[in-house]
Amino acid sequence: MAVRSQEQDDALGDVVVPEDELQDRVKAIGKEITADYEGRAPLLVGVLKGAFMFMSDLARAIDLPVEFDFMAVSSYGSATRTSGVVRIIKDLDIDLEGRDVIIVEDIVDSGLTLAYLRRNLEHRNPASLEVCALLLKDGLQKSDPDIRYVGFHLPADFVVGYGLDVGEKYRNLPSLVRYVGS
Ligand code: 5GP
């Protein structure tokens, strides 16, 4: 069976954030982090898989000797909703003790995944712990998610592209696109 190009895919709706706007915003956040962490070497903790593309662009926009580590988590729930019950699939390799840690997240929806990660990493005694989320869905969090760096505020629609998937598809789209289903 032939595979259709993503441009012809009916499950994809309109572009929510085009590639150039994503790239400009990521560069601006990189500058902010460079200024805020002057004289320090922050450790970027990327949350796989969704944040991999954002993390890669963000790291190149930071003019400091950053280090990387990754965590993979899986949240129980349906394909497009999380239940807040999070399981660590891949843990960090680097010790967080005394480090300036920045959690790099793709998207914060209910905020349950992030709340879990923050609690988990705080127990490892970092010198500081901040969050950088590319996308924040407005009004869906039960408590203030306390995110230091936010790329874009979005309405409650489900989006794909720039690392974000549905069933492992669409991560390679360079823009952020609304997913309307088939
Ligand atoms: P939360 O725990 O904040 O409700 O959900 C966070 C996780 O749900 C994200 O890391 C991401 O994996 C997934 N998620 C939430 N909203 C979206 C969305 O609009 N698109 C995609 N592809 N994943 C989402």
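Owing to the predicted nature of the structure, the values given are computational and were not obtained by experimental measurement. Counting convention: from 1, in listed order, for ligands and their atoms alike.
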Exercise. Kindly identify the option in L136, L112, L48, D165 whose heavy atom sits closest to atom 22 (N) of ligand 1.
Key: D165
Quiz item: Any N or O on V160 sitting closer than 3.5 Å to an N or O of ligand 1?
Solution: no
Quiz prompt | Contact atoms of ligand 1, heavy-atom distance to S110 under 4.0 Å | solution = 1 (P), 2 (O), 3 (O), 4 (O)
Self-check item: Nearest candidate to atom 12 (O) of ligand 1, where distance is taken over non-hydrogen atoms, out of T113, D106, V159, L117
Solution: D106
Quiz item: For the atom pair CG (D10) and CD (Q8), what is the distance rounded to the nearest 0.5 Å?
Solution: 9.0 Å
Quiz item: Are any of the side-chain nitrogens in D91 or R124 under 4.0 Å away from the carboxylate oxygens of its partner?
Solution: yes
Quiz item: Should I107 be listed as contacting ligand 1, given a heavy-atom distance under 4.0 Å as the test?
Solution: yes
Quiz item: Is the shortest heavy-atom distance from the side chain of E130 to the side chain of D36 under 4.5 Å?
Solution: no
Quiz item: Does even one non-hydrogen atom of G111 get within less than 4.0 Å of ligand 1?
Solution: yes
Practice problem: Output the list of atoms in ligand 1 that are nearer than 4.0 Å to some heavy atom of E105, sorted by atom number. | Solution: 10 (O)
Practice problem: Go through ligand 1 atom by atom and flag the ones less than 4.0 Å from a non-hydrogen atom of V108. | Solution: 3 (O)
Quiz item: Does the side chain of Q6 come within less than 4.5 Å of V177's, by heavy atoms?
Solution: no
Quiz item: How are the rings of F158 and Y179 set relative to one another: parallel (under 30°), tilted (30 to 60°) or perpendicular (over 60°)?
Solution: perpendicular
Practice problem: Please round to the nearest 0.5 Å and tell me the distance separating atom CD1 of I102 and atom CD1 of I33. | Solution: 4.5 Å
Quiz item: Which atoms from ligand 1 have a heavy atom of K137 less than 4.0 Å away?
Solution: 16 (N), 17 (C), 18 (C), 19 (O)
Exercise. Identify whether V108 and Y149 are in the same connected component of the hydrophobic contact network (ILVMFWY, side-chain heavy atoms under 4.5 Å).
Key: no
